[in-house]
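Worksheet for the structure shown next.
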Amino acid sequence: MAKRKQTVIIDGRKVASELKETIKKEIAEMIDGGQDSPHLAAVLVGNDPASETYVASKEKAAHAVGMISSTYRYPADITEKELLEVVDYLNSDEEIDGYIVQLPLPDHIDENKIIHHINPAKDVDGFTPENVGKMVLGQPAFLSATPYGIMELLKYYKIPVAGKHCVVVGRSNIVGRPMSILLSQKEDGANATVTLCHSATKNLEEITRSADILIAAIGKAQFIKADMVKEGAVVIDVGIHRLKDATRKSGYHLVGDVDFKEVMKKTSFITPVPGGVGPMTIAMLLKNTLLAHKNEIYP
Ligand code: GUN
């Protein structure tokens with residue numbers, strides 16, 4: 001029997017770092033030419049530890065490429081009206097090119113109301129109806145950073161997408177749904193046949209087993225098992241979960257939505273957790289901020 005080809009473990013850190021290097025060079029040239037640096041702002045409400053970590057990483061990455069970064073922190077009991085005023089302020093401050101409102105927000109705040117208030121030209125998360133609508137129509141738009149990063153990974157590793165069956169598991173507004181739309185677009189690097197699976201999907205295993213490219217964005221630790229994956233498939237893992245681990249100093253280790261150790265025995269390409277999709281999300285946010293600074297999406 002022919003020996004199966006070795007799995008390629010996709011190195012998201014490397015791809016993200018190359019992209020950040022390109023962004024850094026462009027910013028250095030801007031500064032040399034007497035222009036301002038791009039400015040990314042983040043709004044952080046409350047003290048959810050995961051949100052704190054994400055915002056700190058975004059800030060660090062922005063500084064590392066030469067961007068200005070500022071974080072606006074508010075207590076968890078900020079009112080919706082006050083937060084809308086913060087958004088108004090960020091919309092009008094000409095020094096800020098783009099900003100994000102870190103999610104989730106406390107329960108008493110209507111997340112949609114806040115997001116819909118963001119100026120689409122500063123919406124570097126790509127969450128506003130205007131950017132989502134434009135993305136669906138295939139027009140220039142800020143793209144949600146995680147699906148945008150996954151499209152870049154597929155391109156970087158020259159993974160054929162056109163005509164392939166891509167199965168996306170999870171229909172969140174941030175990842176699953178935009179992912180399904182980007183993969184099906186009539187564009188180079190896309191043109192896939194897409195199935196979007198979710199909690200009401202019947203025969204999920206049968207569908208995932210038919211995937212040439214499987215995107216796991218379910219939010220459940222190690223949900224995708226080896227028997228759910230076709231031999232030779234490409235598997236992209238969006239999940240990130242802490243599993244208790246007494247052997248580690250931190251007391252935990254990170255896993256994704258995929259049972260990596262078993263699934264990797266069947267795949268042609270797979271993303272690890274950590275070091276796969278995660279680093280790309282931040283790199284694409286920086287890319288969006290640079291595009292905002294240059295008024296490329298909204299001239
Ligand atoms: N919460 C989890 N992921 C994200 C993200 O990409 N952007 C924002 N604003 N909040 C998040």
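Computed over heavy atoms, backbone and side chain alike; hydrogens, waters and symmetry mates excluded. Computed from a predicted model, the values in this text were never measured in an experiment. Counting starts at 1 for both ligands and their atoms, in listed order.
- Heavy-atom proximity to atom 10 (N) of ligand 1, evaluated over I240, V43, L103, is greatest for L103.
- Protein heavy atom at the shortest distance from atom 6 (O) of ligand 1 is D125 OD1, 3.8 Å.
- Looking at ligand 1, you won't find any N or O of T281 less than 3.5 Å from one of its N or O atoms.
- Proximity of V101 to ligand 1, defined as any heavy-atom pair under 4.0 Å, is confined to the backbone N, CA, C and O atoms.
- Under the 4.0 Å criterion applied to side-chain N and carboxylate O atoms, D245 and R248 are assigned as salt-bridge partners.
- Between the side chain of T208 and the backbone N or O of M228 there is at least one donor-acceptor pair closer than 3.5 Å.
- Looking at D123, D125, N91 one by one, the single match for side chain to side chain donor-acceptor pair (under 3.5 Å) with Y99 turns out to be N91.
- Electrostatic pairing of E152 and K287 does not count as a salt bridge here, judged by no charged N lying under 4.0 Å from a carboxylate O.
- Geometrically, ligand 1 and Q102 share a nitrogen or oxygen pair separated by less than 3.5 Å.
- Ring geometry for Y157 against F269 counts as perpendicular: the plane angle is over 60°, on a 0 to 90° scale with 30° as the lower cut.
- Ligand-side atoms of ligand 1 in range of F127: 5 (C), 7 (N), 8 (C), 9 (N), range being under 4.0 angstrom from any heavy atom.
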